[in-house]
Amino acid sequence: MASSVQSRVEENTQGAIMATPPNPINLDVATFVDDEVCLFDASEDTVDGMATIGESTDKDIRFFGPSSNIALLGEISKMLSAAFRSRSQHQRNIVHASEERLVSQMPSPQASVFAPTPATPASSSPCVLPSETHAMTMIQRFFADTGMLFPFISKEFIVNSYQAARATNYRRVKRSWLCLLNMIFAFATFTHSPGHRSMEKNIVESKVFFNRAQDLLAEWKLRLADLEVVQCLLLMSQYRQGTQRSDETWSLHGLAVHAATQIGLHCTKSTSTISEVDAEIRKRVWFGCVLLDSTLSMTLGRPPSISKEYIMLDLPQPVSTDNIQKSATLRGTVSTDVNTLCLFTSTIQLYRIQNEIISRLYQSNLSSDISIDLDFLAAEIPRIEHDLGEWQRGLVPELKLTPWAVVSSTVESARDVVFEKLSVIVQLRYLHAKLLLHRATIRTLGQRLSNPQADQIDDSKSFSGCLAQQSLIQCMRSATELVDIVCKMSQVPLKLGSWWFSIYYTFHAMLVLVKCLIYHFEFFSSDKKLPCPTWSNDEVVEAAMSLLKGKDAIERVGQGTRSSERICRTLLKMIKICISIAYSSSVDASPVQPLFNYLESAEQGHESRAVEMSNMNSEMSNFERRDMRELSERFEADLPGFWMQSDLDIFTDLGGLEVGLSGLIAS
């Protein structure tokens with residue numbers, strides 16, 4: 001084992017670049033503007049790396065398919081447009097004589113993932129390295145977090161090769177190795193959360209290391225790839241998921257897949273020439289490509305790049321070498337004999353099911369306009385639900401901990417801290433997969449409810465209609481559970497995964513809840529013979545409260561990021577709309593009383609107490625029924641009054657999407 005790592009260390013010091021570049025005296029240097037723009041555009045994207053939120057532009061022709069949050073927000077906009085058209089005769093005319101639009105397009109986004117921040121430091125030479133103490137601290141931090149969640153890089157190789165390079169004053173090291181090292185530094189800085197340090201400072205400092213890796217990668221281009229190149233490309237794409245760079249995220253992933261197949265990571269190689277450790281690392285790098293492909297297919301709504309027929313390798317297995325199977329504590333101080341590979345393998349198995357969901361219920365994201373009937377859903381959803389249940393029952397006990405349900409007063413061991421974090425991550429991934437599954441039901445029902453030309457098939461008492469009712473229940477329960485977990489664990493950020501994934505999962509769940517609430521109130525105002533929602537009054541109240549809890553959690557987890565601020569603005573508008581929809585519905589509107597309380601508190605300047613006050617007297621039987629007419633009328637001024645002509649985007653003033661364009665999301 002040691003000889004294998006040593007041989008790779010020796011290869012690293014045999015002939016790529018000198019860490020200290022020669023001084024180019026009396027030399028003219030040419031630069032290429034097309035290279036810079038083509039591979040790494042300096043301007044910020046209008047859609048973040050997770051496609052959680054975006055801003056509409058007339059020139060945006062990018063595709064975000066039905067599994068994306070962007071498509072979900074478009075579905076909500078269409079449902080609301082239809083709802084307000086049907087109520088147009090009861091609404092007062094709020095269009096001014098000049099017929100000016102009541103909502104205006106947001107100006108071009110600021111060139112930062114954060115609200116206005118200090119200028120980002122310019123990238124220094126890619127050959128510059130931090131001090132040994134700082135470098136080793138960041139290496140340890142990386143393998144205690146990102147390197148533990150995605151164990152496709154050998155810590156032993158990185159540490160040994162770093163020490164060997166330092167012993168030679170970093171002369172003649174490989175570009176790909178130096179690129180990988182800078183990405184490790186970038187991630188260690190980007191995800192660092194000691195409490196007193198702002199996320200804004202993390203992103204500014206991590207960008208220095210990312211820019212160095214970017215410069216080195218730009219020099220690689222069409223050369224023969226190696227393992228470090230693929231590892232670096234994977235990390236760069238994952239890094240860009242947390243920034244305002246959806247296009248770069250997608251492009252880097254494509255490069256990673258191409259480089260991986262170029263060196264044969266997708267197939268088995270003779271073990272006579274490859275050690276057990278190297279063979280295992282190669283396998284894990286390929287599965288890293290597979291997981292990233294599944295993630296981007298889901299978040300961006302794109303067809304998968306890696307077909308399931310290309311995934312022939314056996315699942316990764318533990319090997320007896322450093323941190324491939326061991327982990328440090330989240331604080332990076334004490335090494336423990338904890339086998340954390342189980343998260344990686346369980347995620348691979350879960351994403352196989354998730355890929356099936358996208359393939360069958362979202363038609364592989366091949367089109368933005370899909371229509372699936374209830375009979376098809378009735379055949380597919382129970383089968384996939386069974387697979388999810390089998391997967392959950394097969395989890396190892398270490399991944400079944402419930403730290404969100406138990407408040408421990410005892411000092412936790414390093415092992416407990418690690419596996420509580422992994423249990424939170426795996427539960428969020430599971431609940432998100434369930435939401436994708438059952439979200440297909442609310443999509444189909446929403447399409448029929450909103451379309452006046454839809455067929456009048458009576459599904460209210462059919463077998464598929466009964467299953468749809470159960471699917472709606474699972475949909476709302478999964479969403480409220482996910483929001484509740486993130487809300488509780490946001491108080492202990494060390495036990496959450498990457499902040500951008502936490503925000504993505506939470507906002508997706510909240511969008512689903514909004515759609516469920518719209519269907520609940522709209523169903524009773526419609527003459528369509530659709531499955532009746534069977535949520536209890538308490539469940540509807542909990543769904544409304546989850547919008548407030550989720551907003552509070554997103555503010556904590558994503559403090560300072562532009563996407564989180566835009567999410568909160570979008571949620572405030574959704575809360576107002578839910579109140580308006582509930583008020584004008586023929587069903588009891590009291591479940592949205594917590595939303596009324598929240599907005600009333602916020603308008604009076606008690607924003608810090610708004611969520612707490614909205615939760616007072618949460619038992620609906622104790623609520624004093626309040627007249628929401630005045631509040632509803634105040635909110636109507638935020639809503640377009642001319643939806644009777646066309647489907648307009650109610651989120652345009654927040655930087656949302658134009659219905660019909662497949663380009664933008666609010667998350």
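Taking 4.0 Å as the cut-off between side-chain N and carboxylate O, E356 and R383 count as a salt-bridged pair. At a threshold of 4.0 Å, the pair K78-E75 does not count as salt-bridged, since none of the basic side-chain nitrogens sits closer than that to a carboxylate oxygen.
Between atom CZ of residue R443 and atom OG of residue S371 there is a gap of 8.5 Å, rounded to the nearest 0.5 Å. Summarising the geometry, atom CD1 belonging to I485 is positioned 5.0 Å from atom CG belonging to L431; distances are rounded to the nearest 0.5 Å. Considering OG1 of T441 and CD of Q469, their distance stands at 11.5 Å, rounded to 0.5 Å. Between K549 atom NZ and M510 atom CE the span is 10.5 Å, to the nearest 0.5 Å. One distance of note links NE2 of H432 with CG of L482; it measures 8.5 Å at 0.5 Å rounding. Distance check: L435 CG to L513 CG gives 8.0 Å after rounding to the nearest 0.5 Å.
In this structure, the side chain of S462 engages the main chain of G465 through a donor-acceptor pair within 3.5 Å. One N or O on the side chain of S67 and one on the backbone of M298 form a donor-acceptor pair closer than 3.5 Å. Not one N or O on the side chain of E522 forms a donor-acceptor pair closer than 3.5 Å with the backbone of I581. A donor-acceptor contact shorter than 3.5 Å is absent between the side chain of S359 and the backbone of S364. At distances below 3.5 Å, at least one donor-acceptor pair connects side-chain atoms of S536 with backbone N or O atoms of E539. In this structure, the side chain of S498 does not engage the main chain of F501 through any donor-acceptor pair within 3.5 Å. With hydrogens and angles ignored, the 3.5 Å screen pairs a side-chain donor or acceptor of S490 with a backbone N or O of V486. Not a single donor-acceptor pair under 3.5 Å links the side chain of S580 to the backbone N or O of K576.
Here the shortest heavy-atom pairing between S297 and P303 reads OG-C, 4.2 Å.
Between L572 and K551 there is a side-chain heavy-atom pair separated by less than 4.5 Å. Side-chain atoms of H438 and E385, non-hydrogen and from C-beta on, do get closer than 4.5 Å to each other. Within the 4.5 Å cutoff, no side-chain heavy atoms of I306 are placed close to those of P304. By the 4.5 Å heavy-atom criterion applied to side chains, W535 and C475 are not counted as neighbours.
Under the side chain to side chain contact (heavy atoms under 4.5 Å, CB included) test applied with L395, the options C342, S423, S346 reduce to a single match, S346.
Within 6.0 Å of NZ on K400 lie more than 12 heavy atoms contributed by other residues, nucleotides or ligands.
Between H508 and Y504, the two ring planes are parallel [angle under 30°; tilted spans 30° to 60°].
Judged as a ring-ring contact (aromatic ring centres under 6.0 Å, His included), the pairs with a partner in residues 350-398 (not counting sequence neighbours) are, in order, W391-Y430.
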